[in-house]
Amino acid sequence: MVDCINGPGPQLKSIACLRKNCILLELNSQESATWIRDTPNRNAFLEKLGGTAMIKDRQYSIVIPFLPITTDLDSPDTLHRMENKNNIQTGLILCIKWIKDPTKHSPTQKVAHALTFITLPDTANHLLRDGFYWGLDRLCPYKDKREPIQCLKCQRTGHLAKDCKQMEDMCGLCTLPHHVQGCTSLTRVFCVNCQNDTHPSNNRQCPDFIRHCNTLHDCTLENRMPYFPTSEEWTQVELPPCPLDSIKRTRPPPNPFATQGQLRQMTLGEAMNVHTHIPK
Ligand SMILES: [Zn+2]
Ligand SMILES: [Zn+2]
Ligand SMILES: [Zn+2]
């Protein structure tokens, strides 16, 4: 396959097999990537591969927080207006979509986070550095990084709900056995991951979540970089690991729905009281 590339110096640096009959090609330089994007070179390359393969360019995804939910993200006109407003060449924003299903937005919600796919790293980097202008607002996008996976059934990190061994849902807010959307425990909060009663299980400041993020950052170099690295030096900065508070375990708060018939711990005094009422 390396022989397929016979342009002015471009070379393959690595090849990795992905799912669905895809392969990921890493070229040796920015110039090589530009070379293969050129239509005649691209066609010649694909022809050498048998003519049935296609090249899908890399997309650079960034998160735009606090976008008004009245924004019509399905309209091509919205994309054009976003490109104009931010001095971006037409067609460089491939698409933008809400991260959370819009039908699940709360009735009082005014803004939501959106994921934007951009074709050039330079464009994505300028938005990350200078902000994303929309309406009268300057929003502060951030890179869509790999994050630890968390099970929506048992709330623990490291696996997905489809692989969960737990039989019942555990609430992400209060850890009682119900789905988080039906949670009515207004005062009870507990994190199953660090066993602490100051935050729910999906809290991004949870020391256990930060510890998993730091482990992921150690093995994924781009996760430590706030920009998409290019030949420009300012895009090559790396962030230090997030500061990590020590994990302080607490007891789970009492279950506000426990009835008298359910088992609960008794004090010694209660136990003696029970003993004295045993019928003779
Ligand atoms: Zn699970
Ligand atoms: Zn709950
Ligand atoms: Zn926690």
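A quick note: this is a predicted structure, and the numbers were derived from the prediction, not measured. For ligands, and for the atoms within them, numbers begin at 1 and follow the listed sequence.
One finds the CD atom of Gln166 at 8.0 Å from the NZ atom of Lys153 (value rounded to the nearest 0.5 Å). For the atom pair NZ (Lys143) and CG (Leu128), the distance works out to 8.0 Å, reported to the nearest 0.5 Å. In this structure, CD1 in Ile62 is found 7.5 Å from CZ in Phe132, a value given to the nearest 0.5 Å. Rounded to the nearest 0.5 angstrom, Gln11 CD and Leu27 CG are separated by 10.0 Å. Taking SG of Cys17 as the start and CG of Leu24 as the end, the distance is 10.0 Å to the nearest 0.5 Å. Atom-to-atom distance recorded for His105:NE2 and Ile69:CD1 is 6.0 Å, nearest 0.5 angstrom.
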Name every donor-acceptor pair, under 3.5 Å, that has one atom in a side chain of residues 106-127 and the other anywhere in the protein, sequence neighbours excluded.
unit_1 : atom_1 : unit_2 : atom_2 : d
Ser106 : OG     : Gln109 : N      : 3.4
Gln109 : OE1    : Ser106 : N      : 3.1
Gln109 : NE2    : Val111 : O      : 2.9
Thr119 : OG1    : Leu92  : O      : 3.4
Asn125 : OD1    : Phe228 : N      : 2.8
Asn125 : ND2    : Pro121 : O      : 3.3
Asn125 : ND2    : Phe228 : O      : 2.8
His126 : ND1    : Asp122 : O      : 2.8

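Taking a cut-off of 2.8 Å, the protein N, O or S atoms nearer than that to the Zn ion (ligand 2) are Cys171 SG, Cys174 SG, His178 NE2, Cys183 SG. Near-neighbour remark for the Zn ion (ligand 1): protein N, O or S atoms under 2.8 Å are Cys151 SG, Cys154 SG, His159 NE2, Cys164 SG; waters not counted. Within the protein, the N, O or S atoms sitting under 2.8 Å from the Zn ion (ligand 3) are Cys191 SG, Cys194 SG, His199 NE2, Cys206 SG.
Under the 4.5 Å side-chain contact rule for hydrophobic residues, Leu73 and Ile93 share a cluster. Both Val237 and Tyr60 belong to a single network of hydrophobic side chains, linked directly or stepwise wherever heavy atoms of I, L, V, M, F, W or Y lie under 4.5 Å apart.
The residues Arg81 and Asp77 are annotated as salt-bridged, a charged nitrogen and a carboxylate oxygen being separated by less than 4.0 angstrom.
For the residue pair His217 / Asn223, a side-chain donor-acceptor distance below 3.5 Å is found, with atom types taken as modelled. Judged by distance alone, the side chains of Gln155 and Ser201 never bring a donor and an acceptor atom under 3.5 Å apart. A donor-acceptor pair shorter than 3.5 Å can be found between the side chains of Asn196 and Thr198.
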